[in-house]
Amino acid sequence: MSLRAVKGMKDILPDEISKWHRLERAFRECVEAHGFREARFPIVEPTALFVRSIGETTDIVEKEMYTFTDRGDKSLTLRPEATASAVRAYVQHSVQGREPVTKWYYVGPMYRRERPAKGRYRQFYQAGIEVFGDPGPYVDAEVIDLVVGFIASLGITEVEVLINSIGGPETRRKYTAALLAYLEPHRDELCPDCQRRMGANPLRVLDCKVPRCGEIAADAPSMLKHLTDDDRAHFDELQATLTTLGTPYRVDGSLVRGLDYYTRTLFEVLGKGEALGAQNALLGGGRYDEMVKSFGGPDTPAIGFAVGLDRLLMAMPEVEPEAHVDVFVIAAQPTVRAEAALLGRELRDTGLRVESDLRGGSLKSQLRRADKMNARIAMILGESEVAAGAVQVKDLLEKTQQTVFRKEAAKRVHEILD
RNA sequence: GUGGGUGUAGCUCAGUGGUAGAGCACUGGAUUGUGGCUCCGGUGGUCGCGGGUUCAAUUCCCGUCACUCACCCCA
């Protein structure tokens with residue numbers, strides 16, 4: 001077959017969809033319990049939106065975006081993440097004028113042109129939240145506590161929560177200078193990527209996975225020691241609040257995220273176990289206090305996170321799929337198929353999920369089908385039943401069967417299901 | 001972008017230098033209109049694609065494409 005799904009993009013067929021529904025439902029329930037409301041943003045945005053927010057020198061912008069020119073010569077990009085869109089929408093609609101604190105959530109596909117691997121796709125799904133207007137640190141702790149609770153609610157227990165603070169602009173300026181002063185004598189020992197990063201975004205050197213770079217980074221001056229008093233107080237209070245909440249966490253001074261817009265609080269949740277392969281970052285987020293202002297909005301602090309739904313799905317324990325029909329209607333003879341269709345409609349009108357195989361076939365084969373799709377009830381309609389105004393109600397689980405007046409059939413099914 | 005692995009039935013995989021098999025799935029039957037278990041039968045494959053060696057290639061060689069895993073990056 002020559003026409004296939006695009007590399008790194010896959011179909012989700014009905015057999016898998018119940019797991020997705022369960023995941024999405026759990027997310028919505030969790031964030032709505034915290035007062036978040038759903039927002040939906042376009043999948044296509046102006047390219048500049050991502051270049052300016054995520055950062056020109058990040059891997060995402062440099063080599064992973066699906067960027068194209070539309071017929072009006074505008075450069076557009078398939079969103080690689082949703083925070084930039086959320087900020088754009090927040091500013092565009094002057095949301096700050098309506099409420100002091102805005103809490104949004106979103107769920108949807110994102111696009112990055114990476115080499116696919118286990119748990120990494122070119123179209124992947126993220127769910128996330130954004131809080132505008134609250135400088136923290138208490139809301140930071142609430143957000144982290146929310147994600148920990150959400151992941152636990154899915155039955156995923158083996159996780160690690162990492163937090164860090166990279167401070168605000170002043171801290172960043174001072175620390176970057178100190179870091180460069182430290183790195184300069186080691187420049188030749190660093191990998192080529194890191195040598196480049198020194199010029200573009202020195203913080204990323206701390207995150208490098210190349211062994212030698214990691215060794216050098218380990219002895220680098222600590223970012224946490226360079227925090228300004230305000231940034232320090234913010235981070236301390238965040239930790240104190242997490243302790244009060246009983247939320248487990250570990251401070252990791254080398255945690256630096258791949259997007260440039262972050263300030264102060266950063267956090268990440270790592271999954272364990274082989275189901276995930278090498279892609280163990282389940283969730284990442286942090287504060288981005290400067291972004292709203294840089295997009296022309298009022299000076300508004302903000303924090304958010306995004307979870308990778310595909311990875312969460314892999315880490316989730318399996319559960320038995322639920323039946324998707326309640327009643328399977330069977331026409332015992334081909335002559336009563338029209339009547340069977342009508343019976344199906346009568347049952348659906350009472351709220352039941354009803355399916356039947358109107359192609360006909362033997363009673364045996366139709367019963368087999370009812371069993372295969374896990375229907376609780378098989379309702380058998382034959383010529384003698386039609387003549388008597390009755391149906392056979394067969395409970396496939398209890399293995400019982402009774403003749404019921406057709407008028408009573410729906411009621412009887414509801415009794416069995418309850 | 002760099003490496004490794006794998007391409008045979010819808011799925012999971014055996015197998016052979018002489019045009020192919022199993023299990024599962026699907027489907028029919030085991031006497032009248034009754035499912036799951038068991039037994040018997042059936043449908044279904046240009047052996048990824050192209051080239052080469054050979055009397056003969058699914059099998060050997062080369063190339064190519066696809067999928068996949070790791071590095072990298074990230075969710």
Side-chain angles (χ1 to χ4, degrees), chain A residues 1-10 13 15 54 58-64 80-83 107-128 147 151 191-194 197 204 207-211 213 255-259 267-271 274 276-286 304-315 328 330-336 359-385 392-401 403:
Chain A
M1 144 137 199
S2 57
L3 248 29
R4 316 182 86 261
V6 171
K7 189 186 187 75
M9 306 196 180
K10 55 181 199 174
L13 268 20
D15 282 350
I54 296 171
T58 56
D59 285 356
I60 293 176
V61 169
E62 276 183 342
K63 49 194 186 195
E64 295 174 1
E81 59 113 39
T83 298
V107 180
M110 307 294 159
Y111 302 84
R112 293 182 198 174
R113 198 184 177 291
E114 298 177 87
R115 184 83 170 254
K118 189 174 190 176
R120 184 173 69 187
Y121 310 106
R122 290 180 172 186
Q123 173 175 306
F124 59 104
Y125 294 84
Q126 284 190 337
V147 308
I151 288 175
C191 71
D193 274 342
C194 281
R197 285 174 184 137
R204 302 292 306 286
D207 200 31
C208 187
K209 302 290 192 299
V210 174
C213 296
L255 177 62
V256 179
R257 307 209 48 76
L259 295 80
F267 58 94
E268 188 168 285
V269 175
L270 266 26
E274 293 176 15
L276 286 170
Q279 262 56 50
N280 66 345
L282 293 175
L283 172 156
F305 72 77
V307 264
L309 262 24
D310 308 82
R311 292 178 190 179
L312 239 31
L313 206 74
M314 290 190 288
F328 193 89
I330 294 171
Q333 293 88 21
T335 49
V336 299
R359 294 174 309 172
S362 68
L363 179 57
K364 180 194 280 255
S365 69
Q366 292 186 65
L367 267 171
R368 257 202 282 266
R369 246 183 110 48
D371 188 61
K372 270 278 155 40
M373 57 180 64
N374 242 318
R376 174 68 190 269
I377 307 287
M379 203 170 282
I380 302 166
L381 188 70
E383 285 165 0
S384 53
E385 281 81 11
Q392 301 289 333
V393 175
K394 185 178 181 67
D395 184 331
L396 294 171
L397 187 66
E398 298 293 333
K399 307 177 192 187
T400 58
Q401 181 172 339
T403 308

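Everything numeric in this text was worked out from a predicted model, so none of it was measured. When reading the values below, keep in mind they use all heavy atoms of this one structure, side chains included, and skip hydrogens, waters and symmetry mates. Labels below follow one simple rule: chain letters A, B, ... track the order of the sequence lines, proteins then strands, and each chain is numbered from 1.
Spacing between atom NZ of A:Lys63 and atom C1' of B:rC72 amounts to 7 Å, rounded to whole angstrom units. Rounded to a whole Å, the CG atom of A:Asp371 is 15 Å from the C1' atom of B:rC26. A straight line from CD of A:Glu114 to P of B:rC71 spans 13 Å, rounded to a whole angstrom. Taking atom CD1 on A:Ile380 and atom P on B:rU32, their separation rounds to 14 Å, with Å as the unit. For A:Met373 and B:rC26, the CE to P distance is 10 Å, given to the nearest whole Å. Distance CE (A:Met379) to P (B:rU34): 19 Å, rounded to an integer number of Å. Look at CZ on A:Arg376: it is 18 Å from P on B:rG36, rounded to the nearest Å. Taking atom CD1 of A:Ile377 as the reference point, atom P of B:rG35 lies 17 Å away to the nearest angstrom.
The P atoms of B:rG23 and B:rC37 are separated by 16 Å, rounded to the nearest whole Å. Across the P atoms, B:rA57 and B:rG48 are found 15 Å apart, a figure rounded to whole Å. Rounded to whole Å, the separation between the C1' atoms of B:rU12 and B:rG63 comes to 30 Å. Rounded to a whole angstrom, the distance from the P atom of B:rA22 to that of B:rG45 is 15 Å. Rounded to the nearest Å, the gap between the P atom of B:rU59 and that of B:rC49 is 10 Å. As rounded to the nearest Å, B:rU6 and B:rC74 have P atoms that lie 31 Å from one another. Between the C1' atoms of B:rA25 and B:rC13, the separation comes to 14 Å (whole Å). Between B:rU19 and B:rU34, the distance separating the two C1' atoms is 46 Å to the nearest Å.
Here the side chains of A:Met9 and A:Tyr111 are in contact, with some heavy-atom distance below 4.5 Å. The shortest side-chain heavy-atom distance between A:Glu81 and A:Ile54 falls under the 4.5 Å cut-off. Inter-residue side-chain proximity for A:Leu367 and A:Ile330 is flagged as met; some heavy-atom pair is nearer than 4.5 Å.
None of A:Ile60, A:Val61, A:Thr58 except one satisfies the side-chain contact (heavy atoms from CB on, under 4.5 Å) rule with A:Pro80; the exception is A:Ile60.
In the set B:rC26, B:rC73, B:rG36, B:rC26 carries the atom at the smallest distance from any side-chain atom of A:Lys372. Comparing B:rC74, B:rG33, B:rG36 by their nearest atom to the side chain of A:Lys399 picks out B:rG36. Nearest to the side chain of A:Arg120, among B:rC71, B:rG35, B:rG29, sits B:rC71. The nucleotide whose nearest atom lies closest to any side-chain atom of A:Arg368 is, among B:rC73, B:rG35, B:rG33, B:rG35. Picking from B:rG33, B:rC71, B:rG28 the nucleotide with the shortest atom distance to the side chain of A:Ser365 gives B:rG28. Across B:rU27, B:rU34, B:rG33, the shortest atom-to-atom separation from the side chain of A:Arg369 is found for B:rU27.
Taking CD of A:Gln123 as the start and NZ of A:Lys10 as the end, the distance is 10.5 Å to the nearest 0.5 Å. Note that the CG atom of A:Asp371 and the CZ atom of A:Phe328 stand 11.0 Å from one another [nearest 0.5 Å]. Taken to the nearest 0.5 Å, the CZ atom of A:Arg112 stands 13.0 Å off from the NZ atom of A:Lys63. With values rounded to the nearest 0.5 angstrom, A:Met373 atom CE is found 4.0 Å from A:Arg369 atom CZ. Rounded to the nearest 0.5 angstrom, A:Leu309 CG and A:Met110 CE are separated by 9.5 Å.
A:Glu81 comes within contact range of no nucleotide atom at all, as no heavy-atom separation falls under 4.0 Å. A:Leu282 comes within 4.0 angstrom of sugar-phosphate atoms only, judged by non-hydrogen atoms across all strands, and of no base. Across all strands shown, A:Ile330 has no heavy atoms under 4.0 Å from either base or sugar-phosphate atoms. Across all strands, A:Ala370 comes closer than 4.0 Å to no nucleic acid atom at all (heavy-atom distances). At the heavy-atom level, A:Leu363 lies under 4.0 Å from base atoms of the strands shown. Using a 4.0 Å heavy-atom cutoff across all strands shown, A:Glu268 reaches no nucleic acid atom at all. In this structure, A:Gln366 reaches neither bases nor backbone, as no heavy-atom distance under 4.0 Å exists between it and the strands shown. Among the atoms of the strands shown, base atoms are found under 4.0 Å from some heavy atom of A:Glu385. At a threshold of 4.0 angstrom between heavy atoms, the contacts of A:Lys394 include nucleobase atoms, whether or not backbone atoms are also involved. Using a 4.0 Å heavy-atom cutoff across all strands shown, A:Gly128 reaches no nucleic acid atom at all.
A:Arg122 contributes no side-chain N or O that, together with a main-chain N or O of A:Pro116, makes up a donor-acceptor pair within less than 3.5 Å.
Of the residues near RNA chain B, A:Val307 and A:Asp395, the one whose nearest nucleotide (by heavy atom distance) lies more toward the 5' end is A:Asp395.
Not a single donor-acceptor contact under 3.5 angstrom links the side-chain atoms of A:Ser362 to the base of B:rG33.
In this structure, a donor-acceptor pair under 3.5 Å is present between the side chains of A:Gln392 and A:Glu385.
For the pair A:Lys364 and B:rG28, the criterion of a side-chain N or O lying under 4.0 Å from OP1 or OP2 is not met.
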Write down the protein N/O and nucleotide N/O pairs, taken from nucleotides 66-68 of chain B, whose separation is under 3.5 Å; answer none if there are no such pairs.
unit_1: B:rC67; atom_1: OP2; unit_2: A:Lys7; atom_2: NZ; d: 3.1

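For the strand RNA chain B, secondary-structure stems (runs of at least three Watson-Crick or G-U pairs, all distances below 3.5 Å) span B:1-7 with B:65-71, B:10-13 with B:21-24, B:26-30 with B:38-42, B:48-52 with B:60-64.
Considering all non-hydrogen atoms of both residues, A:Ala378 and A:Ala370 come closest at CB-CB, 4.5 Å.
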